[in-house]
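The structure appears right after this line, and notes come after that.
Just so it is clear: chains get the letters A, B, ... in the order the sequence lines come, proteins before strands, and each one is counted from 1.
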2 protein chains.
Amino acid sequence: MLSQKTKYALKALLYLAQQDINHISKTTDIAESANIPKKFLEQILLDLKRGHLVGSKQGKLGGYYLLKSGNEITLADIHRLFDGAIALLPCASLNFYERCSDCKDESECLLRHGLMTIRDETLKAMQGITIASLVKK
Amino acid sequence: MLSQKTKYALKALLYLAQQDINHISKTTDIAESANIPKKFLEQILLDLKRGHLVGSKQGKLGGYYLLKSGNEITLADIHRLFDGAIALLPCASLNFYERCSDCKDESECLLRHGLMTIRDETLKAMQGITIASLVKK
DNA sequence: TATAAATTCTATAAAAATAGTAGAATTAAA
DNA sequence: TTTAATTCTACTATTTTTATAGAATTTATA
């Protein structure tokens, strides 16, 4: 399941994607429109900025805007940025690989290969969903 | 990501699936073989029992055994039993449906349909992985 | 019938993650 | 200089996760 944070991030990106090109959105407006606690959203937008998905303008008349076009931002990107690995276990992850502490010998693990199959299919599905494709619906 | 509990459950089921038919396994043996804290495993086996995946025999010479054959137990079943919904949001779930508290109007939600697509594909993949298919590898 | 060895049940607790808040500092337009 | 926005750091409350503890119950068998 997605965390609230990830869901809010998606809703914020959807909001930004629906604005006119070159429009700069205030945190307050996004928060009200998408029903997100404003102070929480501030943190999320900063995370999105660090993830190079949005840009910001400071000061009066400042705010946030998309850095990439909506069809370049996939659900997989957002998931990885906020909720981390897409795989079901770290040992089956491409971007967040880690050994399982309780695993005696990874090469003998019966689970790992199956979970990598799931990962591949889930990843493909998640890469097929973009901010643009969600807006179009 | 799977919780430790779900991973342990899978490992316990894999252990049981590899025993001779009619064999009854002691918690201690499963715990040692699969490297799972014994007291934690006890709880997990009880959960598996409540989920009708394993049966138990009490008293001396007691223990646990599979109630279903390995190819009737899918990764989707285990996930739902321990980690709940497979969908990324409750509003997109088949078995754990719930409204999002911050969602103003579900029918207007841009996220939901895309997440249902992901759910369908992930579910299909997870139903393709069974305890038996994992053991065979 | 007593003992040993297993499951079962209920409660508790420590640690980590999640969700959100507070407030001061900085930036830039008017 | 004022106003209104982002940015930064720290904190906190709640929930979930990951166990642990110990007593009660069940059943085989000596």
Side-chain angles (χ1 to χ4, degrees), chain A residues 1-12 16 23-32 34-67 79 81-85 88-90 96 98 100-102, chain B residues 1-12 16 23-32 34-51 53-65 67 79 81-85 88-90 96 98 100-102:
Chain A
M1 298 267 282
L2 301 181
S3 61
Q4 282 284 100
K5 203 170 181 178
T6 306
K7 181 174 66 174
Y8 289 158
L10 282 165
K11 286 168 71 173
L16 293 178
H23 179 75
I24 290 185
S25 301
K26 288 186 289 183
T27 306
T28 303
D29 292 342
I30 307 172
E32 277 174 16
N35 214 19
I36 304 170
K38 193 197 164 198
K39 275 302 215 176
F40 199 16
L41 179 59
E42 283 179 17
Q43 309 242 35
I44 291 164
L45 289 167
L46 283 173
D47 288 337
L48 286 171
K49 193 188 169 186
R50 290 184 199 107
H52 308 293
L53 297 181
V54 305
S56 69
K57 185 174 181 304
Q58 280 192 312
K60 197 168 178 177
L61 304 194
Y64 292 91
Y65 52 90
L66 285 187
L67 269 187
H79 191 284
L81 189 58
F82 290 95
D83 282 344
L88 290 173
L89 285 183
F96 296 84
E98 224 172 299
C100 286
S101 57
D102 59 300
Chain B
M1 297 268 282
L2 301 181
S3 62
Q4 281 286 99
K5 202 170 182 179
T6 306
K7 182 174 65 175
Y8 289 158
L10 283 164
K11 285 168 72 172
L16 293 177
H23 179 75
I24 290 186
S25 301
K26 289 186 288 184
T27 305
T28 302
D29 294 341
I30 308 173
E32 277 173 18
N35 214 19
I36 304 171
K38 193 195 165 199
K39 276 301 214 176
F40 198 18
L41 179 59
E42 283 180 16
Q43 307 242 35
I44 291 165
L45 288 165
L46 284 173
D47 288 338
L48 286 169
K49 193 186 171 190
R50 289 185 200 108
L53 297 181
V54 306
S56 70
K57 186 174 180 302
Q58 280 190 312
K60 196 170 178 174
L61 305 192
Y64 292 91
Y65 50 91
L67 270 186
H79 191 284
L81 188 57
F82 290 95
D83 281 344
L88 291 173
L89 286 183
F96 297 85
E98 223 172 298
C100 288
S101 57
D102 58 301

| Quick one: CG on A:Leu46 to CG on A:Leu41, what's the gap to the nearest 0.5 Å? | 9.5 Å

| message | Is it the case that the base of C:dG20 and the side chain of A:Lys38 share a donor-acceptor contact (distance under 3.5 Å, atom types as modelled)? | response | no

Please tabulate, one pair per line, each protein N/O and nucleotide N/O from nucleotides 27-30 of chain C that are separated by under 3.5 Å, including the distance.
| residue | atom | partner | partner atom | Å |
| --- | --- | --- | --- | --- |
| C:dT27 | O3' | A:Gln58 | OE1 | 3.3 |
| C:dT27 | O2 | A:Gly59 | N | 3.4 |

| Interatomic distance, A:His79 atom NE2 to A:Leu10 atom CG [nearest 0.5 angstrom] | 10.0 Å

| request: To the nearest Å, give me how far apart CZ (A:Phe40) and C1' (C:dT18) are. | output: 7 Å

Below 3.5 Å, can you tabulate the donor-acceptor pairs from side chains in residues 51-63 of chain A to any protein atom, sequence neighbours excluded?
| residue | atom | partner | partner atom | Å |
| --- | --- | --- | --- | --- |
| A:His52 | NE2 | A:Arg50 | O | 3.4 |
| A:Ser56 | OG | A:Lys49 | NZ | 3.1 |

| said: Working to the nearest 0.5 angstrom, can you tell me the gap between A:Thr6 OG1 and A:Lys11 NZ? | reply: 13.0 Å

| request: Measure from CE on B:Met1 to P on C:dT18 and round the result to the nearest Å. | output: 11 Å

| query | Between A:Ile36 (CD1) and C:dG20 (P), how many Å, whole number? | reply | 10 Å

| task | Check every strand shown and say whether A:Tyr8 touches a base, only sugar-phosphate, or nothing at a heavy-atom separation below 4.0 Å. | result | sugar-phosphate

| note | Correct closest heavy-atom pair for B:Ala12 and B:Leu45 would be CB-CD2, 4.5 Å

| field | From CG (A:Leu2) to NZ (A:Lys7), nearest 0.5 Å | value | 9.0 Å

| message | Please check: side-chain N/O of B:Asp47 versus main-chain N/O of B:Leu81, any donor-acceptor pairing under 3.5 Å? | response | no

| message | Rounding to an integer number of Å, can you tell me how far A:Phe82 CZ sits from C:dA19 P? | response | 12 Å

| query | Any side-chain N or O of B:Thr28 less than 4.0 Å from the OP1 or OP2 oxygen of C:dA6? | reply | no

| query | Going 5' to 3' on DNA chain D, which nucleotide is the first and which the last to come under 4.0 Å of a heavy atom in chain B? | reply | D:dT18 to D:dT29

| said: Test of understanding: with side-chain contact (heavy atoms from CB on, under 4.5 Å), list the residues that count as partners of A:Glu32, not counting sequence neighbours. | reply: A:Thr28

| query | About how many Å separate CD of B:Glu98 and CG of B:Leu89, when rounded to the nearest 0.5 Å? | reply | 11.5 Å

| request: Starting from the 5' end of DNA chain C, give me the residue, A:Gln4 or B:Arg50, whose nearest nucleotide shows up first. | output: B:Arg50

| request: Whole angstrom is fine here: how far is it from CD in A:Glu42 over to C1' in C:dA19? | output: 15 Å

| field | A:Phe40: partners by side-chain contact (heavy atoms from CB on, under 4.5 Å), with sequence neighbours left out | value | A:Lys5, A:Tyr8, A:Pro37, A:Ile44

| task | Mind listing the closest non-hydrogen atom pair of B:Met1 and B:Asp83 along with its distance? | result | O-OD2, 4.0 Å

| How would you label the contact of B:Lys26 with the nucleic acid (heavy atoms, under 4.0 Å): base, sugar-phosphate, or nothing? | sugar-phosphate

| note | In this structure, OH of A:Tyr64 is separated from CD of A:Glu42 (nearest 0.5 Å) by 7.0 Å

Extract from the structure each pairing of a protein N or O with an N or O of nucleotides 11-14 of chain C at less than 3.5 Å, listing the distance.
| residue | atom | partner | partner atom | Å |
| --- | --- | --- | --- | --- |
| C:dA11 | N6 | B:Gln43 | NE2 | 3.4 |

| message | Does a side-chain N or O of A:Lys5 approach OP1 or OP2 of C:dA19 to a distance below 4.0 Å, or not? | response | no

| message | Whole angstroms only, please: what is the CG-P distance between A:Asp47 and C:dA19? | response | 13 Å

| message | So A:Lys7, base contact, sugar-phosphate only, or nothing? Heavy-atom distance under 4.0 Å. | response | nothing

